[in-house]
Structures are given as C-alpha cells and as structure tokens.
J.: 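Before I ask anything, here is the structure I am working with.
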Amino acid sequence: MTHTIDPSILSPLGKPTEYRSDYAPELLYPIPRQLKRDELGIAPGALPFVGEDIWNAYEVSWLNPKGKPVVAVATFRVPADSPNLVESKSFKLYLNSFNQTVFSDLSVVESVLLRDLSAAAGAPVGVKIEDLRGRPQVLVNYPQGVALDDLDIECTTYQPTPELLFAVDGEKTEETLYSHLLKSNCLVTGQPDWAMVVIRYRGRPIDHAGLLRYLVSFRNHNEFHEQCVERIFCDITARCAPEALSVYARYTRRGGLDINPCRSSGDFPPADNSREIRQ
C-alpha cells in the first residue's frame, strides 16, 4: 500500500531556519491545491469558482548597484486555478534572500519575482512593486454591507459545522455580509490566523445567525488561509444554494506578509485590495 505524504509536513513552517540574504529561488515551497480540494469533492479541472490570492508584502528590500539598500512594498496575485499555492514561510524566506542581492533597478526585481513565483505556482502570477520613495498610498476601509458581529448569539461549536448554514423562505435577495470573527489555525504550526471575511451572494436569504455561528466554528480548525476560504465557499454553496456567491477573507499579516484569498462564482466584480483595519 502506498501513502501520499502531505507536502505541508515537509515545508519549512515551524522549523528552525537559517535566513538567507543571497538570492535563493529554491526556497519557495509549492503545495498542490488539489490535496485539500479532494476533501471538498472538487474534481481536478472542475473548479466551482474563480478568484485569486492577493498577497501584500511589507518587507521587500534589495541593494542597488552601489550597494545602497532599496525598500519597497509589493503586491502579488496568484490565480485560484494555479496548481499550487506557495507556503507562506518559504515565501518570506525567499523575499529575505533579496536583502543583500544587487539588482540594477526595480523592473529587474519585478521580472525575477514574476519568473520565480509563476514557476512555483505553476501559473502566471501578478507582481507589482512600489518603491517607498514614490510615497505609495494605501486604503483602509470597511465593507459596504451588513456587519454580523453584533448578533447576540450563543456559540458552542469550534470546528467547521456546515449544518449551521441554511437559507430561509423569502424573496430572492442580494446582500453583502461581513464578520471580523473568523479565526483559524495554521495547518502545520497551529498558530492562530485572524481574518475579516466578506460574503456577497444573490438568492434565497441566508440566515445571519447561522452564518455567524458557522464562521465562528472555524476557531479551532487547522487549515491554510486559501483552503479555509474554499471550504466556506463550498459549504455555503451546498447548504444555501445561492444563485451567485463571493467569499473574500482579509487575513492579518505574519512575517511581513498578509494573504487575502477570494473565491467567486464570477457574478460579482473582483475584490479590491483595501486593507482591513487590523492589517
């Protein structure tokens, strides 16, 4: 009998690591998305959603040809249909490998990142770098929708419980719901991951209290950010049968990176990159 080893077990997460300061693309550690999608009943090549993972990096630096440091921020967009996600610690270690590496200009850094990240993900990755000398601006915003967190509910379940989700009788509606109460844990280290999640749908009304209880039920669940969002999308689809659905989570940063996965039926505009207040 053969056994498939979960690649996340072999990743650098949770292990003592020597930080490299010389360019080292081999540090990137891809993990096949299909391993967790199999759990959700998603067949290869038959994704029920479109979307992307938006990564923001706040600790990007390299040396110019005179050895003077350049500091920047960066945004990376990994398509949801890429074969692999990139394990976050390996991503951070890889970015650190630029710190003592000389590059002629920003465009060269962008092209190197594009090449390496696309190779790791198995699909083209969007890359945008902004030198801090250009005074880039960010937008911190709240969703235009209904906040669920003031609902006076009792919560007793802290592992994902799709049975908490249900639609109620009523006229078809379209609404945006959001909560800051999503918490899950890293699949490998068990460290907490905190997020705001935004759910937009069209169809029969989804019970707000049941939805909030369901989101809270992830509190002791171990899974990567991208996998949690896909699980939420699939569970809402199966239990509430909306005509259209979008699930977008903004996770707080760790190691200078935040990850913001979005999965959608394709009926709504793509998510923007406005920061959540805790980011």
Side-chain angles (χ1 to χ4, degrees), residues 40 47-56 75 77-81 137-153 155 160-184 193-219 221 223 225-253 258-279:
L40 300 175
L47 294 182
F49 45 67
V50 296
E52 61 182 354
D53 307 323
I54 304 173
W55 295 65
N56 295 303
T75 300
R77 295 177 179 267
V78 184
D81 60 358
Q137 303 296 307
V138 298
L139 179 64
V140 178
N141 207 353
Y142 289 90
Q144 298 297 310
V146 178
L148 299 176
D149 298 348
D150 287 337
L151 292 173
D152 186 15
I153 61 171
C155 298
T161 308
E163 293 76 16
L164 294 169
L165 293 165
F166 61 94
V168 299
D169 292 332
E171 294 184 3
K172 181 173 71 175
T173 187
E174 181 175 319
E175 60 181 348
T176 299
L177 310 172
Y178 70 95
S179 172
H180 295 92
L181 302 187
L182 180 62
K183 172 194 168 288
S184 54
D193 296 319
W194 307 91
M196 174 188 71
V197 61
V198 183
I199 295 164
R200 185 175 180 183
Y201 75 94
R202 182 173 65 248
R204 292 176 58 208
I206 295 175
D207 181 77
H208 290 187
L211 175 58
L212 184 57
R213 289 190 183 97
Y214 167 75
L215 296 175
V216 170
S217 76
F218 277 75
R219 198 165 180 83
H221 180 60
E223 210 165 37
H225 304 44
E226 301 93 332
Q227 298 162 350
C228 286
V229 169
E230 292 184 3
R231 186 175 297 276
I232 293 169
F233 183 96
C234 289
D235 284 348
I236 293 175
T237 297
R239 301 288 302 182
C240 302
E243 296 177 5
L245 176 64
S246 171
V247 179
Y248 182 33
R250 301 282 310 187
Y251 279 87
T252 58
R253 75 183 72 171
D258 64 45
I259 309 172
N260 310 282
C262 179
R263 302 293 184 266
S264 171
S265 58
D267 299 271
F268 301 115
D272 66 17
N273 197 23
S274 300
R275 286 190 194 172
E276 199 260 340
I277 187 64
R278 293 175 295 175
Q279 293 180 312

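Position 1 is the first residue of the sequence; numbering continues from there. This structure is a prediction, so every number in the text was calculated from the model and none was measured.
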J.: Would you call V247 and F49 a side-chain contact if the rule is heavy atoms closer than 4.5 Å?
T.: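 No, side chains not in contact.
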J.: Quick one: pull up CG in N273 and CG in N56 and give me the separation to the nearest 0.5 Å.
T.: 4.0 Å
J.: Step by step, would you call F268 with E174 a side chain to side chain contact (heavy atoms under 4.5 Å, CB included)?
T.: CA-CA 11 Å; F268 301 115; E174 181 175 319; 3.7 Å; yes
J.: Looking at side-chain heavy atoms only, is the closest gap between L181 and L148 below 4.5 Å?
T.: no
J.: Taking the side chain as C-beta and beyond, is there a heavy-atom pair between S184 and E223 under 4.5 Å?
T.: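 No, side chains not in contact.
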J.: Counting C-beta onward and ignoring hydrogens, is there a side-chain heavy-atom pair between I54 and D258 closer than 4.5 Å?
T.: no
J.: Give the ring-plane orientation class for H180 versus Y142, where under 30° counts as parallel, over 60° as perpendicular and anything between as tilted.
T.: perpendicular
J.: At their closest point, which heavy atom of R250 faces which heavy atom of D272, and how far apart are they?
T.: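 What the structure gives for the nearest pair is NH1-O, 4.0 Å.
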J.: Please round to the nearest 0.5 Å and tell me the distance separating atom OG1 of T237 and atom CG of L40.
T.: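 T237 OG1 to L40 CG: 10.5 Å, rounded to 0.5 Å.
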J.: Working note: L177 + H208, criterion side chain to side chain contact (heavy atoms under 4.5 Å, CB included); need CA distance, chi angles, decisive distance, verdict.
T.: CA-CA 8 Å; L177 310 172; H208 290 187; 3.5 Å; yes
J.: Between H221 and Q227, is the side chain to side chain contact (heavy atoms under 4.5 Å, CB included) condition met? List the steps.
T.: CA-CA 11 Å; H221 180 60; Q227 298 162 350; over 6 Å; no
J.: Mind checking whether D149 and L212 have side chains closer than 4.5 Å, heavy atoms only?
T.: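 In contact.
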J.: Please find the pair of heavy atoms, one from R278 and one from T252, that lie closest to each other, and give the distance.
T.: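 Residues R278 and T252, closest heavy atoms: CB-CG2, 3.8 Å.
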J.: Taking atom types as modelled, is there a side-chain donor on Y201 or E175 under 3.5 Å from an acceptor on the other?
T.: yes
J.: Just by modelled atom types, is the P242 backbone N or O under 3.5 Å from a matching donor or acceptor in the R202 side chain?
T.: no
J.: Any donor and acceptor pair, going by atom type alone, linking the side chain of S274 with main-chain N or O of N141 inside 3.5 Å?
T.: no
J.: Return the OG to CZ distance between S265 and F233, rounded to the nearest 0.5 Å.
T.: 5.5 Å
J.: Check whether any side-chain heavy atom of L215 sits under 4.5 Å from a side-chain heavy atom of I232, and report yes or no.
T.: yes
J.: Determine whether T173 and E171 make a side-chain contact, defined as any pair of heavy atoms from C-beta on separated by less than 4.5 Å.
T.: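 In short, these two side chains do not touch, never coming nearer than 4.5 Å.
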J.: In Å, rounded to the nearest 0.5 Å, how long is the span from CG of L151 to OG of S179?
T.: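 One gets 9.0 Å once the value is rounded to the nearest 0.5 Å.
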J.: Under a plain distance cut-off of 3.5 Å, with no hydrogens placed, do R77 and N260 share a side-chain donor-acceptor pair?
T.: no
J.: If we only count heavy atoms from C-beta on, is the Y251 to C228 side-chain gap below 4.5 Å?
T.: yes
J.: Give a yes or no on whether the backbone of G170 and the side-chain of R204 come within a donor-acceptor separation of less than 3.5 Å.
T.: no
J.: Give the C-alpha distance, both sets of side-chain angles, the deciding distance and a yes or no for side chain to side chain contact (heavy atoms under 4.5 Å, CB included) between Q144 and T176.
T.: CA-CA 7 Å; Q144 298 297 310; T176 299; over 6 Å; no
J.: Return the minimal non-hydrogen interatomic distance between R263 and E52, and the atom names on each side.
T.: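 Minimum heavy-atom contact is NH1-O, 3.2 Å.
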J.: Can a donor-acceptor pair be found, under 3.5 Å and without considering hydrogens, that links the side chain of K183 to the backbone of R219?
T.: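 Here the side-chain-to-backbone pair exists.
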J.: At what distance, to the nearest 0.5 angstrom, does CD1 of I236 lie from CD1 of I199?
T.: 4.0 Å
J.: Nearest 0.5 Å please: distance from the CG atom of D207 over to the OH atom of Y214.
T.: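 So the CG of D207 and the OH of Y214 are separated by 14.5 Å.
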